[in-house]
**Student:** 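Here's a structure for you.
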Number of protein chains: 2
Amino acid sequence: MDALQKQVQQFGEACREAGLKLTHQRLEIFSELVRSPDHPSAEALHQRLRKKIPTLSLDTVYRTLATFARHGMITKVETVESQGRFEVTLAPHHHLICSRCNTIMDFQWPSMDETPLPETVKEWGRIDNRSVVAYGICKNCLGG
Amino acid sequence: MDALQKQVQQFGEACREAGLKLTHQRLEIFSELVRSPDHPSAEALHQRLRKKIPTLSLDTVYRTLATFARHGMITKVETVESQGRFEVTLAPHHHLICSRCNTIMDFQWPSMDETPLPETVKEWGRIDNRSVVAYGICKNCLGG
DNA sequence: GTAGCTGCAAAGTGTTTGCAGCTGA
DNA sequence: TCAGCTGCAAACACTTTGCAGCTAC
């Protein structure tokens, strides 16, 4: 069984646990997100899925993504753009955003994940997760 | 001369350098942002400024913020919400966001600022800036 | 005097919602 | 069967734009 199949199977279990019905649309939306390393927006996902499910409506994509996010199955990525971007919830990782073409790339930074936060932050409240967002220009856009 | 006055004076110089006209509206919008530690949205700024300048229009606030951001005088903060949030460009700092009440707090983390990024990131392209975004629940919302 | 800024109104874009019919468990 | 999901269309919220008059330089 390949990685995608495994993730889709886990998805089925997660739905059952969360009391969510496992519909065709939900399965396809999730699979597409697993296959998409580029953090697509709801609109982008809808475009891609229409080829496979022509009747799929954009508002279902929005609703489904919101549902998944509420159950922690996917994560809404923080960006400066107004459009939300989504990704499947995985191991802790960070984001590189190209200011020119707006692509988002993941990267790992284990030593950072283990560095304790400053004392002042602990006084603020409870931290659930944290990630680094780095802005710059990717090699493509630099013309390299 | 207090800190606010100083910052406003520097603002005047920054405008001249950038070739921007120093209008009443621009000055007030900038001063309000300097006075606002809570990273207000365009809408919020407009609300606050209306008391002082009743004729100020919301689209001028949007346009002005975009102009300031284009010239690096202010920064648009990355959040998961759809609304953009702004702050005056200052020393490097990071953000704590309360998932419950959506307030944004700044914090310093100098040791993190100096930690070099992983090698893989250097291959991606040029990094201009980076910051940590931490999500959690603030003490207020925890009921503490 | 003139380039550029502002206010107004209208349009755009991304997202959410109400409803009626459909469907997975 | 029936709670809950989907598609449709309409509403919404935030942001941008075209235009004519106004203002800082």
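Just so it is clear, the values below take in all heavy atoms, side chains as well, and ignore hydrogens, waters and symmetry mates. Chain A is the first sequence line, chain B the second, and so forth, proteins listed ahead of strands; every chain is numbered from 1.
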**Student:** How does protein contact run along nucleotides 5-11 of chain D, one letter per nucleotide 5' to 3', with B for base contact, S for sugar-phosphate only, - for none, heavy atoms under 4.0 Å?
**Tutor:** SSBBB--
**Student:** To the nearest angstrom, how far is B:L22 atom CG from C:dC5 atom P?
**Tutor:** 11 Å
**Student:** Would you please say whether a donor-acceptor pair under 3.5 Å links the side chains of A:Q108 and A:H93?
**Tutor:** no
**Student:** Looking at every non-hydrogen atom in both residues, tell me the closest pair between B:M112 and A:V132 and how far apart they are.
**Tutor:** CE-CG2, 4.1 Å
**Student:** Regarding A:D106 and A:H95, is there a side-chain donor-to-acceptor distance under 3.5 Å anywhere?
**Tutor:** yes
**Student:** Rounded to whole Å, how long is the line connecting atom NE2 of B:H46 with atom P of D:dT15?
**Tutor:** 13 Å
**Student:** So, B:E119 and B:K122, do they make that salt bridge, N to O below 4.0 Å?
**Tutor:** yes
**Student:** Expressed as a whole number of angstroms, how long is the span from B:Q47:CD to D:dC14:P?
**Tutor:** 11 Å
**Student:** Determine: side-chain N/O of B:Y62 to OP1/OP2 of D:dT16, distance under 4.0 Å, yes or no.
**Tutor:** no
**Student:** Using atom CG of A:L27 as one end and atom P of C:dT23 as the other, report the distance to the nearest whole Å.
**Tutor:** 17 Å
**Student:** Do NZ/NE/NH1/NH2 and the carboxylate oxygens of B:R35 and B:E32 come within less than 4.0 Å?
**Tutor:** yes
**Student:** Shortest non-hydrogen contact from B:L33 to B:F86?
**Tutor:** CD1-O, 3.9 Å
**Student:** Within this structure, what is the CZ-to-P distance between A:R85 and C:dT13, rounded to whole angstrom?
**Tutor:** 18 Å
**Student:** To the nearest Å, give me how far apart CD (A:E13) and C1' (C:dA25) are.
**Tutor:** 17 Å
